[in-house]
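Here is the structure we will look at, set down as structure tokens.
Just so it is clear: chains get the letters A, B, ... in the order the sequence lines come, proteins before strands, and each one is counted from 1. Note that this is a predicted model, so its numbers are computed, not measured.
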2 protein chains.
Amino acid sequence: MRKGLDREKVLQTAIQLVDQLGMEKVTLALLAKELGVRPPSLYNHFRGLQEIRKEIALHTLRELEEMLLRSLIGKAGEEAIREFCHVYYEYSQKHPGLYQAAIIVYEDRQIQQAGDRIVGLLLELLRPFGMEETQCIHIIRGLRSLIHGFSMLKQQGAFGLDVQTDESFSFAVDLYLAGALKKANPKE
Amino acid sequence: MRKGLDREKVLQTAIQLVDQLGMEKVTLALLAKELGVRPPSLYNHFRGLQEIRKEIALHTLRELEEMLLRSLIGKAGEEAIREFCHVYYEYSQKHPGLYQAAIIVYEDRQIQQAGDRIVGLLLELLRPFGMEETQCIHIIRGLRSLIHGFSMLKQQGAFGLDVQTDESFSFAVDLYLAGALKKANPKE
DNA sequence: TGCTAAAACTAATCTTATTAGTATAATAGC
DNA sequence: GCTATTATACTAATAAGATTAGTTTTAGCA
């Protein structure tokens with residue numbers, strides 16, 4: 001019963017399942033069932049579940065980076081940074097399963113690099129402000145923490161339902177950016 | 001072979017193991033071994049692994065709240081908020097396993113309440129500044145996201161090793177607070 | 001057409017959580 | 001002090017999952 005599976009098909013199905021059901025629910029058993037195949041067959045294409053998860057994370061980080069890049073076309077300065085924040089946040093809300101998959105620790109060089117590329121975008125956006133290297137790093141770490149933390153907490157339902165959370169996000173980003181950019185470039 | 005186990009002893013051992021090894025590594029099998037007992041025996045004291053995990057989370061949230069309360073004695077205003085942030089951050093760094101356990105989603109009323117009490121502390125600290133309710137909520141959500149996000153990213157080793165991360169944390173908190181408190185109370 | 005290698009399979013192992021049912025020791029009531 | 005009860009630990013078994021070993025099958029190519 002040759003199914004004509006390959007790495008790509010397995011991965012696409014896995015991505016789709018994780019997007020729909022979340023990381024924890026996606027087992028080799030379920031994935032195999034979905035592909036009409038027995039679990040051990042998947043080992044012909046992947047070393048095991050960990051590798052599949054790593055690939056999902058990689059895919060997600062790359063997709064996110066591409067969306068960010070696309071959204072930043074023709075934008076600069078504070079507007080660009082704000083856009084970055086919102087696109088990132090929206091992605092995490094639209095794809096909670098994939099986002100979760102992407103932020104688990106993997107101790108993997110490729111994952112690390114994919115993450116670094118996204119952080120690197122922020123660095124580029126901040127460059128024109130002409131701040132000191134060290135200050136830049138501080139600012140980016142904080143901004144990243146803010147976005148990431150908010151995304152996680154929102155996803156977990158940690159915020160009550162009463163006040164608009166999207167508004168809170170914009171508000172918080174504005175606060176942080178106001179402080180950061182004023183400190184860095186008092187002229188503007 | 002009566003071992004004289006009880007809920008408390010099991011929980012203490014579980015907490016210790018999670019603190020040392022991290023959540024994922026602590027299985028009923030390991031916990032039972034550590035207690036010199038067979039896994040099913042644990043069901044005399046807990047409904048199952050989920051309940052043990054929930055209790056660990058609860059313990060952690062309470063311990064964190066107590067540390068925060070203790071550290072806030074005699075402090076007020078901006079200083080108190082800053083102290084809150086640092087105590088929270090330090091706890092997450094000293095007890096990564098427990099912190100992880102505490103922030104997993106449990107869909108549990110008690111957990112929710114314990115978390116709310118910690119957030120409530122921030123609300124108290126912000127009250128004297130006399131801001132609007134809605135603005136307060138926005139500010140707290142952002143601050144919480146910043147602390148939480150930074151704690152997680154630091155723990156995951158997401159930040160490079162070059163620049164002092166503790167310094168980054170203080171820097172970011174300062175930025176955020178500067179923006180937040182200025183916006184709220186221009187006189188200060 | 002027949003060979004080779006990839007891709008599927010079955011069977012089995014190991015680990016984990018969990019349930020059912022049993023034995024025993026502590027304890028409460030007499 | 002004895003007995004009845006109950007809590008606590010046990011063994012045995014089930015179920016789900018990841019993974020490995022070894023086998024069969026089939027597609028593609030010489």
Side-chain angles (χ1 to χ4, degrees), chain A residues 1-59 97-98 100-102 104-108 111, chain B residues 1-59 97-98 100-102 104-108 111:
Chain A
M1 303 150 179
R2 227 20 180 268
K3 280 289 158 50
L5 276 192
D6 62 11
R7 218 176 146 82
E8 198 50 34
K9 283 180 192 165
V10 174
L11 189 55
Q12 284 311 316
T13 305
I15 287 169
Q16 194 186 323
L17 285 176
V18 168
D19 198 13
Q20 288 169 5
L21 308 176
M23 186 70 136
E24 336 73 44
K25 299 279 184 63
V26 180
T27 64
L28 285 189
L30 176 63
L31 183 52
K33 193 180 217 174
E34 202 72 10
L35 290 163
V37 118
R38 300 310 176 104
S41 303
L42 299 176
Y43 287 80
N44 286 316
H45 306 287
F46 289 92
R47 262 193 232 260
L49 184 59
Q50 285 317 304
E51 196 185 11
I52 295 180
R53 290 192 168 148
K54 207 193 75 181
E55 290 298 330
I56 294 173
L58 217 45
H59 161 90
L98 293 178
Q100 280 288 350
I104 293 175
V105 198
Y106 293 94
E107 312 256 352
D108 179 85
I111 299 273
Chain B
M1 305 153 181
R2 228 21 178 272
K3 280 290 160 52
L5 275 192
D6 63 11
R7 220 177 144 83
E8 197 51 34
K9 283 179 191 167
V10 174
L11 189 55
Q12 284 310 317
T13 305
I15 287 169
Q16 194 187 324
L17 285 176
V18 168
D19 198 13
Q20 288 170 7
L21 308 175
M23 186 70 137
E24 337 73 44
K25 299 279 184 63
V26 180
T27 64
L28 285 189
L30 177 62
L31 183 52
K33 193 181 217 178
E34 201 73 13
L35 290 163
V37 119
R38 300 309 177 103
S41 303
L42 299 175
Y43 286 81
N44 286 315
H45 306 287
F46 290 91
R47 266 195 233 257
L49 185 59
Q50 286 316 305
E51 196 185 9
I52 296 179
R53 289 191 169 151
K54 206 193 75 181
E55 289 299 329
I56 294 173
L58 217 45
H59 160 90
L98 293 178
Q100 281 286 352
I104 293 175
V105 198
Y106 292 95
E107 311 256 353
D108 178 85
I111 299 273

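Residues passing the side chain to side chain donor-acceptor pair (under 3.5 Å) test with Q50(B): none are found, sequence neighbours excluded. For E8(B), the side chain to side chain donor-acceptor pair (under 3.5 Å) partners are Q12(B), not counting sequence neighbours.
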Would you list the protein and nucleotides 3-6 of chain C atom pairs, both N or O, that sit under 3.5 Å from each other?
from   : atom 1 : to    : atom 2 : distance (Å)
dA6(C) : N3     : R2(A) : NH2    : 3.1

Which side-chain N or O atoms in residues 30-49 of chain A pair as donor and acceptor under 3.5 Å with protein atoms at least two apart or in another chain?
from   : atom 1 : to     : atom 2 : distance (Å)
S41(A) : OG     : R38(A) : O      : 3.1
N44(A) : ND2    : S41(A) : O      : 3.3

Under 3.5 Å, which donor-acceptor pairs do the side chains of residues 13-25 of chain B form with other protein atoms, sequence neighbours left out?
from   : atom 1 : to     : atom 2 : distance (Å)
T13(B) : OG1    : K9(B)  : O      : 3.0
D19(B) : OD1    : H95(B) : ND1    : 3.2
D19(B) : OD2    : H95(B) : ND1    : 3.2

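V26(A) approaches R53(A) most closely through the heavy-atom pair O-NH2, 4.2 Å. Minimum heavy-atom separation, Y106(B) to A57(B): CE1-CB, 3.6 Å.
Contact check of residues 11-33 of chain B against DNA chain C (heavy atom, cut-off under 4.0 Å) returns T27(B), L28(B), A29(B). Within residues 40-58 of chain B, the residues approached by DNA chain D to less than 4.0 Å at the level of any non-hydrogen atom are P40(B), S41(B), N44(B), H45(B), in residue-number order.
Atoms NZ and CD1, on K54(B) and I52(B) in that order, are 12.0 Å from each other to the nearest 0.5 Å. Taking CG of L11(A) as the start and CG of D6(A) as the end, the distance is 10.0 Å to the nearest 0.5 Å.
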Worksheet entry | Criterion side-chain contact (heavy atoms from CB on, under 4.5 Å) on I56(B) and H59(B), from CA distance to verdict | CA-CA 5 Å; I56(B) 294 173; H59(B) 160 90; 5.7 Å; no

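As a whole-Å value, the separation of R7(A) CZ from dA7(C) P is 12 Å. Straight-line distance from the NZ atom of K9(A) to the C1' atom of dA7(C): 12 Å, rounded to whole Å.
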